[in-house]
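Quick note on labels: first sequence line is chain A, next is B, and so on, each numbered from 1.
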Amino acid sequence: MNYWLVKSEPDEYGFSDLQAEGTGRWDGVRNYAARNHLRSMREGDLVLFYHSRKGLEVAGICKVVREAYPDPTAEKGDWSAVDLRAVRPLVQPVSLKAIKANPKLQEMPLVRIGRLSVMPVAEAEFREILKMGETEI
DNA sequence: GCCAACGTTGGC
DNA sequence: GCCAACGTTGGC
């Protein structure tokens, strides 16, 4: 089991949109590092859903229900999409500010590499964020 | 809205 | 193959 974090602007597609949809396609990634992370996702992996630009917080948990397949929105190039299903929102959303203030979370790419939109999360980091979010899985 | 950080593109 | 210019992301 691996853990991940994906970013989305809630104005475009927020966690509540994924909840409403049930299963959503995670497509449109056009960054090689992010794409390679998408391809490393395995069915059943848990994914933190982060709201970028607006909100700036981890809003919910979802899981991988379909592993990487060709991104239908890519007109050219070798890009991938996965399908995610909402599991549950965090009882208490965890803000970027709180993550930056937590010494246990300083190594996260979320803190270190601002622009990466799909990134791995260590199990201990995942558990820490759930704890901060007062949520059990 | 601004701008820093980073990735990509393209001229040489 | 280098690197300057440009575009995009995303925090502030």
Side-chain angles (χ1 to χ4, degrees):
Chain A
M1 162 83 75
N2 287 304
Y3 302 92
W4 309 93
L5 181 146
V6 296
K7 291 180 177 177
S8 182
E9 297 194 29
D11 286 352
E12 299 287 327
Y13 189 88
F15 187 70
S16 59
D17 295 311
L18 180 61
Q19 283 183 292
E21 227 182 343
T23 296
R25 189 175 68 217
W26 205 264
D27 58 24
V29 169
R30 296 293 182 272
N31 170 288
Y32 290 111
R35 181 201 70 181
N36 293 341
H37 292 315
L38 277 185
R39 289 181 178 178
S40 299
M41 289 183 180
R42 293 295 168 258
E43 197 175 321
D45 283 356
L46 292 171
V47 182
L48 297 171
F49 193 116
Y50 175 81
H51 285 164
S52 63
R53 298 281 295 172
K54 300 267 184 69
L56 307 186
E57 62 192 13
V58 177
I61 306 158
C62 44
K63 69 177 176 184
V64 178
V65 293
R66 184 178 172 192
E67 295 180 10
Y69 55 95
D71 183 347
T73 70
E75 292 181 3
K76 56 175 183 175
D78 181 21
W79 301 108
S80 295
V82 298
D83 288 352
L84 300 178
R85 179 174 300 153
V87 173
R88 70 193 55 167
L90 292 187
V91 173
Q92 193 67 45
V94 176
S95 68
L96 179 63
K97 199 174 168 184
I99 289 170
K100 285 185 169 175
N102 186 328
K104 294 177 188 168
L105 302 177
Q106 294 311 296
E107 299 304 314
M108 290 185 72
L110 185 68
V111 174
R112 305 180 73 99
I113 313 173
R115 296 186 2 130
L116 189 61
S117 63
V118 181
M119 67 190 75
V121 176
E123 184 174 359
E125 293 166 345
F126 185 84
R127 290 185 188 286
E128 182 68 13
I129 287 171
L130 286 201
K131 193 173 140 196
M132 293 165 78
E134 297 171 17
T135 304
E136 304 207 348
I137 194 84

Check every atom of dA5(B), dT8(B), dG11(C) against the side chain of Tyr32(A) and return the nucleotide holding the closest atom. dT8(B)
For Lys7(A), is the NZ atom crowded, meaning more than 12 foreign heavy atoms sit under 6.0 Å from it? yes
When rounded to the nearest 0.5 angstrom, what distance separates OH in Tyr3(A) from CD in Glu123(A)? 4.0 Å
Examine distances only and state if a side-chain atom of Asn102(A) and a backbone atom of Ala98(A) form a donor-acceptor pair shorter than 3.5 Å. no
Met119(A) has an atom CE; how far is it from atom P of dG10(C), in whole Å? 8 Å
To the nearest Å, how far apart are Arg30(A) CZ and dC6(C) P? 24 Å
Spacing of Ile113(A) atom CD1 relative to dT8(C) atom C1', expressed in whole Å: 16 Å
With respect to the phosphate group of dG11(C), does any side-chain polar atom (N or O) of Tyr50(A) fall under 4.0 Å of OP1 or OP2? yes
Send over the distance from Leu110(A) CG to dG11(C) C1', rounded to a whole Å. 11 Å
So which one's nearest nucleotide on DNA chain B is more toward 5', Gly114(A) or Arg53(A)? Arg53(A)
Expressed in angstrom and rounded to an integer, what is the separation of His51(A) atom NE2 from dT9(C) atom P? 17 Å
Whole-Å distance, Leu5(A) CG to dG10(C) P, equals 11 Å
Please evaluate residues Lys104(A) and Glu125(A) with respect to the criterion salt bridge (charged side-chain N to carboxylate O under 4.0 Å, His left out), reporting the C-alpha separation (whole Å), side-chain torsions for both, the decisive distance (0.1 Å), and the verdict. CA-CA 7 Å; Lys104(A) 294 177 188 168; Glu125(A) 293 166 345; over 6 Å; no
Linked, directly or transitively: Ile61(A) and Met119(A) (ILVMFWY side chains, under 4.5 Å): yes
Assign the ring pair Trp4(A) / His37(A) to parallel, tilted or perpendicular, where the plane angle (0 to 90°) is split at 30° and 60°. tilted
Is atom CZ of Arg127(A) surrounded by more than 12 heavy atoms (other residues, nucleotides or ligands) closer than 6.0 Å? no
Figure out the CZ/C1' separation between Arg115(A) and dT8(B), and round it to whole Å. 10 Å
In whole Å, I'd like the distance from the CZ atom of Arg35(A) to the P atom of dT9(C). 17 Å
Please work out which residues in residues 93-106 of chain A have a non-hydrogen atom less than 4.0 Å from an atom of DNA chain C and list them by number. Leu96(A), Lys100(A)
